[in-house]
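Every value quoted in this text rests on a predicted model; they were computed, and no experiment measured them.
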Amino acid sequence: MEAKMSKFFDSVGSFFSGGDNIPWCDRDIIAGCEREVAEAATEEQKNDSIMRLSWALVHSKQTDDVNRGIGMIEASLDKTTSPLQTREKLYLLAVGHYRNGNYVRSRQLADRCLEIQPDWRQASSLKKAIEDKIAKDGVIGIGIATTAVGLIVGGIAAALARKK
């Protein structure tokens, strides 16, 4: 019984915390990636460093960093020639939009990743996290609407009761 209760409370906690399994990145890692870009000796090293920086930025907890990462990836997407690089960049864009709360755009990008490689677990996992977040937000929205309707009906009932 105790195990079931623990599992229930973990589930409720996960529901309200938005427990996804997408990693976060802190400012120290971003600063290291920025140094790496500045110190890159060749164009290939610079491109690799920019991809790592983009990854770090879209995984940041800071909205400005995430937006910067999205901008960097979008700017480089047209120059991408290989399907693997395209897939990676689309995935990072999907993560960035997920972090910003743009779940519809994030899901579209995750779907494009899965068109390129249908069995890609990272994209599948992200898509599931997006769909869970959309469902959770829908449940919370319904709860808020129901509460608002209940308060209005209660207020009307109380006003009618006072008149009598």
Can you name the closest pair of heavy atoms from [X] and [Y] and give their distance?
{"X": "K89", "Y": "I73", "answer": "O-CG2, 3.5 Å"}
{"X": "L77", "Y": "T86", "answer": "CD1-O, 4.4 Å"}
{"X": "C113", "Y": "A123", "answer": "CB-CB, 3.9 Å"}
{"X": "Y91", "Y": "L126", "answer": "CE1-CD2, 3.7 Å"}
{"X": "I130", "Y": "Y103", "answer": "CG2-O, 3.5 Å"}

Discussion item. Applying the side-chain contact (heavy atoms from CB on, under 4.5 Å) criterion to W55, which one of L92, I50, I30, V95 satisfies it?
Written reply: L92
Approximate separation, where rounding is to 0.5 Å, of [X] [atom1] and [Y] [atom2]:
{"X": "I116", "Y": "R87", "atom1": "CD1", "atom2": "CZ", "result": "8.0 Å"}
{"X": "W120", "Y": "E88", "atom1": "CH2", "atom2": "CD", "result": "4.5 Å"}
{"X": "N47", "Y": "K79", "atom1": "CG", "atom2": "NZ", "result": "8.5 Å"}
{"X": "Q122", "Y": "Q117", "atom1": "CD", "atom2": "CD", "result": "10.0 Å"}

Checking the side chain of [X] only, and the main-chain atoms of [Y] only, is there a donor and an acceptor separated by less than 3.5 Å?
{"X": "S60", "Y": "A56", "answer": "no"}
{"X": "K61", "Y": "W24", "answer": "no"}
{"X": "S49", "Y": "Q45", "answer": "yes"}
{"X": "S125", "Y": "R121", "answer": "no"}
{"X": "D26", "Y": "I29", "answer": "yes"}

Discussion item. Show, in sequence, the C-alpha distance, side-chain angles and deciding distance for R99 and I22, and conclude whether the side-chain contact (heavy atoms from CB on, under 4.5 Å) test is met.
Written reply: CA-CA 10 Å; R99 292 287 191 227; I22 301 166; 3.1 Å; yes
Worksheet item: Do L84 and L109 share a hydrophobic cluster (ILVMFWY, side-chain heavy atoms under 4.5 Å, transitive)?
Response: no
Fill in: Connected via hydrophobic side-chain network under 4.5 Å: V66 and M51
yes
Worksheet entry | Ionic contact status for E34 with R68, cut-off 4.0 Å | yes
Worksheet item: Ion pair present between R27 and D65, side-chain N to carboxylate O less than 4.0 angstrom?
Response: yes
Fill in: Side chain to side chain, M72 and L53, heavy atoms closer than 4.5 Å
yes
Item to complete: Kindly indicate, with the supporting measurements, whether the criterion salt bridge (charged side-chain N to carboxylate O under 4.0 Å, His left out) is fulfilled by R52 and D48.
Response: CA-CA 6 Å; R52 283 191 288 279; D48 290 344; 5.2 Å; no
